[in-house]
Amino acid sequence: MPHLTPDRPAAAPLPRAGARQRLVRGEVARRRAGAAAAPIVVLGGDAAFGRGLARPWPARLAELTGRRVLNLAVEGAGPAFAAADPGLMAEAARASAVIVEAAGAFTISNRWYAVGRRRPQEATAIRPPLAALYPELALERVRDVGRLLRLLEWEDRERLALVAAEARSVWLRAMAGLLSALGPR
């Protein structure tokens, strides 16, 4: 029987970084005596991680600039994730520059729902205010944040605007905290 898919070389396993040892897209920095200048570090979520892309934008940035770019983006992560991981923050502290992808506004726990620490795109709890806002929906079984938001939008966009406003507010505080922790660079 012929092969239905072309032979492809096995993909290299993704490295792990940070205190939680999350999968990241780029190499993990290794300190060597006489190593070149400190890398540029990218912290972010889905777009920088680039699942399914041969070369996400941080890899293209490295090619264009000739600089070493350390892609420490994590799928589904927002600013609170990086700020809470001492390993990622330590890598960022050693970098010559840090680029923060502005992502993950809905993957941060807020007064409406909680997200997972290891999987921020997973809704781990629907909080009472959200259940009260949408009493006609059985939300306790919805675990994917994206699916949850689509369901809320489909039911009533005006009520979803309340959820979105809170998520934006929490995201802005988390981003301010991350940028403050990173310092002036």
Side-chain angles (χ1 to χ4, degrees), residues 14-29 39-51 53 56-58 61 69-131 133-134 139-140 142-153 159-185:
L14 294 174
R16 295 184 178 272
R20 296 184 193 151
Q21 290 296 294
R22 291 293 304 263
L23 291 175
V24 296
R25 187 60 190 262
E27 64 171 297
V28 176
I40 297 170
V41 166
V42 175
L43 299 173
D46 293 342
F49 185 86
R51 179 172 297 284
L53 299 176
W57 68 260
L61 177 65
V69 176
L70 185 58
N71 185 354
L72 297 180
V74 174
E75 274 189 308
F81 179 84
D85 191 310
L88 295 179
M89 294 304 288
E91 289 292 343
R94 292 189 286 264
S96 62
V98 179
I99 298 172
V100 178
E101 174 196 1
F106 290 101
T107 56
I108 297 176
S109 293
N110 53 59
R111 74 182 176 114
W112 303 106
Y113 57 86
V115 300
R117 287 186 56 158
R118 295 186 59 82
R119 296 192 66 235
Q121 62 272 43
E122 180 182 348
T124 57
I126 302 300
R127 296 197 167 138
L130 184 59
L133 186 63
Y134 286 90
L139 299 173
E140 62 278 350
V142 180
R143 290 291 170 233
D144 179 75
V145 172
R147 183 169 177 245
L148 172 66
L149 296 172
R150 287 188 300 276
L151 180 62
L152 299 180
E153 179 182 30
R159 287 184 279 174
L160 175 63
L162 298 171
V163 176
E166 168 73 11
R168 279 193 287 283
S169 174
V170 171
W171 182 87
L172 285 170
R173 286 192 305 274
M175 184 60 85
L178 174 60
L179 294 176
S180 175
L182 290 171
R185 295 173 296 125

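- Of all heavy-atom pairs between Arg143 and Ala125, the closest is NH1-N, 4.2 Å.
- Evaluation of the side chain to side chain donor-acceptor pair (under 3.5 Å) rule for Arg173 yields Ser169 as partners, not counting sequence neighbours.
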**Asked** Val42 and Val98: side chain to side chain contact (heavy atoms under 4.5 Å, CB included), yes or no, with the steps?
**Response** CA-CA 6 Å; Val42 175; Val98 179; over 6 Å; no
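- Checked by atom type and distance alone, the side chain of Asn110 pairs as donor or acceptor with a backbone atom of Ile108 at under 3.5 Å.
- Applying the salt bridge (Lys or Arg N to Asp or Glu O under 4.0 Å) test to residues at least two apart or on different chains, the pairs with a partner in residues 160-170 are Arg111-Glu166.
- Checked by atom type and distance alone, the side chain of Asn71 never pairs as donor or acceptor with a backbone atom of Val41 at under 3.5 Å.
- Under the 4.5 Å side-chain criterion, counting only non-hydrogen atoms from C-beta, Leu182 is in contact with Val100.
- Pairing each heavy atom of Ala73 with each of Gly45, the nearest pair is CB-O, 3.7 Å.
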**Request:** Could you walk me through whether Ile99 and Leu43 pass side chain to side chain contact (heavy atoms under 4.5 Å, CB included), step by step?
**Result:** CA-CA 6 Å; Ile99 298 172; Leu43 299 173; over 6 Å; no
**Request:** Determine, step by step, whether Leu172 and Val170 satisfy the side chain to side chain contact (heavy atoms under 4.5 Å, CB included) criterion, reporting the C-alpha distance in whole Å, the side-chain angles of both residues, the deciding distance to 0.1 Å, and the verdict.
**Result:** CA-CA 6 Å; Leu172 285 170; Val170 171; over 6 Å; no
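- Of all the heavy atoms in Asp46 and Glu101, the pair that sits closest is N-OE1, 4.1 Å.
- Considering CG of Leu88 and CZ of Phe81, their distance stands at 6.0 Å, rounded to 0.5 Å.
- Take Leu162 and apply the side chain to side chain contact (heavy atoms under 4.5 Å, CB included) test, not counting sequence neighbours, and it matches Trp112, Leu133.
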**Check against side chain to side chain contact (heavy atoms under 4.5 Å, CB included), Leu70 and Ile40** = CA-CA 6 Å; Leu70 185 58; Ile40 297 170; over 6 Å; no
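- Listed here is the closest heavy atom pair of Gly50 and Pro56: CA-CB, 4.0 Å.
- Closest of all the heavy-atom pairs between Thr107 and Val115 is O-CG2, 3.5 Å.
- Within the 4.5 Å cutoff, no side-chain heavy atoms of Val74 are placed close to those of Phe49.
- Between the CG atom in Asp85 and the CD atom in Glu91 there is a gap of 10.0 Å [rounded to 0.5 Å].
- Here OH of Tyr134 is found 4.5 Å from CG of Leu152. Values are rounded to the nearest 0.5 Å.
- By the side chain to side chain contact (heavy atoms under 4.5 Å, CB included) test, Ala83 pairs with Leu178, sequence neighbours left out.
- Checked against side chain to side chain contact (heavy atoms under 4.5 Å, CB included), Ala102 has the following partners two or more places apart in sequence or in another chain: Trp171, Met175.
- When all heavy atoms of Tyr113 and Phe106 are compared, the pair lying nearest together is OH-O, 2.9 Å.
- Within the model, atoms CD of Glu153 and CG of Leu148 stand 11.5 Å from one another, a figure rounded to the nearest 0.5 Å.
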